[in-house]
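Comments concern the structure below.
Quantities reported herein were computed from a predicted structural model and do not represent experimental measurements.
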Amino acid sequence: MPLAIKIILIVIGILLLVLALIGSGISRRLMTIPKMHRAPRIILAVLGVLLLATGGLLFALETEKHGPSEAGLKAHIPQGMMSNMACEKHPEAPEGAVQMVCSEARDGMPDQVVYYIMFPNRDAMQDYWQKTVEPENLSGTKCDSKEDFDAGGKTTYTLGDSTDTVGKLACGVDADGVTSATYTDQRFNIIVQASHKDPQSVSDFVDWVNSDASQPVEPADSTTATAQLHTGTR
């Protein structure tokens, strides 16, 4: 529905509520407005509330419509991830975002877990990145090797032959020995968080992070080509 109609509904609703209020009778030194009968005042008030509620609801639905959706996020997850890992919607997404989690279980415990989080805009994505990664505490400037992950690092990355920065990448190992990487993809306002628990295959995980395996892709019906290989220190 056009924005103008929503605004008109809200304005009319406010006017009806004002008329209902005035209808209760106003007496001033220079002006006297006679009191309206009770039934018309109630009708005006009810209509005013309904129009205000309808306009507000339409605005809310429009906002939700243009926000990230599970289907929209799923379309950006590589088919290889969807085929080789169990992916499902995660209920605890950041405010205004939608989140999916993909896991690879062995002996009932997930060795590798990947979260995809789509935000409504780039600012929301960057704020979440800053709060969760805390890049100021990472001294390294690369995430190319196991040693870089052990030291903790942060960098930016590009895709294919392009020199345009696609996002930021942070890597490290936590106190429990879990190796992780978190990166942004500013093309789609998506953050990818991947963690790996098996210390025997950390090098494979590092290679996996620096490949195109987890990189968000264009939806299948998009006509825009997407570079699939990372260059530099991805």
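We find the CD1-SG distance between I77 and C102 to be 4.5 Å, quoted to the nearest 0.5 Å. Of the inter-residue distances, the one linking M81 atom CE with H76 atom NE2 reads 15.0 Å to the nearest 0.5 angstrom. Rounded to the nearest 0.5 angstrom, T184 OG1 and I117 CD1 are separated by 11.5 Å. For the atom pair NZ (K197) and CG (D111), the distance works out to 8.0 Å, reported to the nearest 0.5 Å. Here the straight-line distance linking atom CD1 of I12 with atom CG of L50 works out to 13.0 Å at 0.5 Å rounding. If you take OG on S214 and CD on Q112, they are separated by 8.5 Å, rounding to the nearest 0.5 Å.
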Would you check, one step at a time, whether the test side-chain contact (heavy atoms from CB on, under 4.5 Å) holds for E104 with N84?
-> CA-CA 8 Å; E104 184 179 46; N84 299 324; 5.7 Å; no
Would you check, one step at a time, whether the test side-chain contact (heavy atoms from CB on, under 4.5 Å) holds for Q130 with E136?
-> CA-CA 9 Å; Q130 193 71 30; E136 64 275 7; 3.3 Å; yes
Stepwise side-chain contact (heavy atoms from CB on, under 4.5 Å) check, K168 with V133 | CA-CA 11 Å; K168 302 175 182 178; V133 171; over 6 Å; no
Apply the test side-chain contact (heavy atoms from CB on, under 4.5 Å) to residues T155 and T141: give CA-CA distance (whole Å), side-chain angles for both, the deciding distance (0.1 Å), then the verdict.
-> CA-CA 5 Å; T155 184; T141 57; 5.8 Å; no
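With D185 contributing its side chain and G167 its backbone, the two residues share no donor-acceptor pair below 3.5 Å. At distances below 3.5 Å, not a single donor-acceptor pair connects side-chain atoms of D207 with backbone N or O atoms of D204. The closest donor-acceptor contact from the side chain of Q186 to the backbone of T165 lies under 3.5 Å. A donor-acceptor contact shorter than 3.5 Å is absent between the side chain of R187 and the backbone of E218. Of the possible donor and acceptor atoms, none in the side chain of D212 sits under 3.5 Å from a partner among the backbone N and O of Q215. Within the 3.5 Å criterion, the main-chain N or O of D123 finds a donor-acceptor partner in the side chain of N121.
No side-chain heavy atom of L73 sits under 4.5 Å from any side-chain heavy atom of P68. In this structure the side chain of I190 never reaches within 4.5 angstrom of the side chain of M125, judged on heavy atoms. Inter-residue side-chain proximity for M118 and M100 is flagged as unmet; no heavy-atom pair is nearer than 4.5 Å. With contacts defined as side-chain heavy-atom distances shorter than 4.5 Å, the pair T158/T163 does not qualify.
Looking at K146 and D150, a side-chain N of the basic residue comes within less than 4.0 Å of a carboxylate O on the acidic one, giving a salt bridge.
Residues M85 and Y116 fall within the same hydrophobic cluster, defined by Ile, Leu, Val, Met, Phe, Trp and Tyr side chains chained together at heavy-atom separations under 4.5 Å. Hydrophobic clustering (ILVMFWY, side-chain heavy atoms < 4.5 Å, transitive): V114 and V178 are in distinct clusters. Hydrophobic cluster membership differs between L138 and Y157, with clusters built from Ile, Leu, Val, Met, Phe, Trp and Tyr side chains linked at under 4.5 angstrom. A single hydrophobic cluster is seen to contain both Y183 and F188, as judged by linkage of ILVMFWY side chains at heavy-atom distances under 4.5 Å, directly or through other members. I191 and V98 fall into different hydrophobic clusters, defined by Ile, Leu, Val, Met, Phe, Trp and Tyr side-chain heavy atoms under 4.5 Å apart, directly or through other members.
Across F205, F149, W208, a single residue satisfies ring-ring contact (aromatic ring centres under 6.0 Å, His included) together with H196, and that is F205.
Closest approach of A170 and C143 over heavy atoms only: C-SG, 4.0 Å. Summarising the geometry of P120 relative to G96, their closest heavy-atom pair is CD-O, 3.2 Å, with the distance given to 0.1 Å.
When ring centroids are compared, H90 and Y115 come within the 6.0 Å threshold.
At most 12 heavy atoms of other shown residues, nucleotides or ligands fall within 6.0 angstrom of atom CD in E95.
Ring pair F119/Y128 is tilted by interplanar angle, where 30° to 60° counts as tilted.
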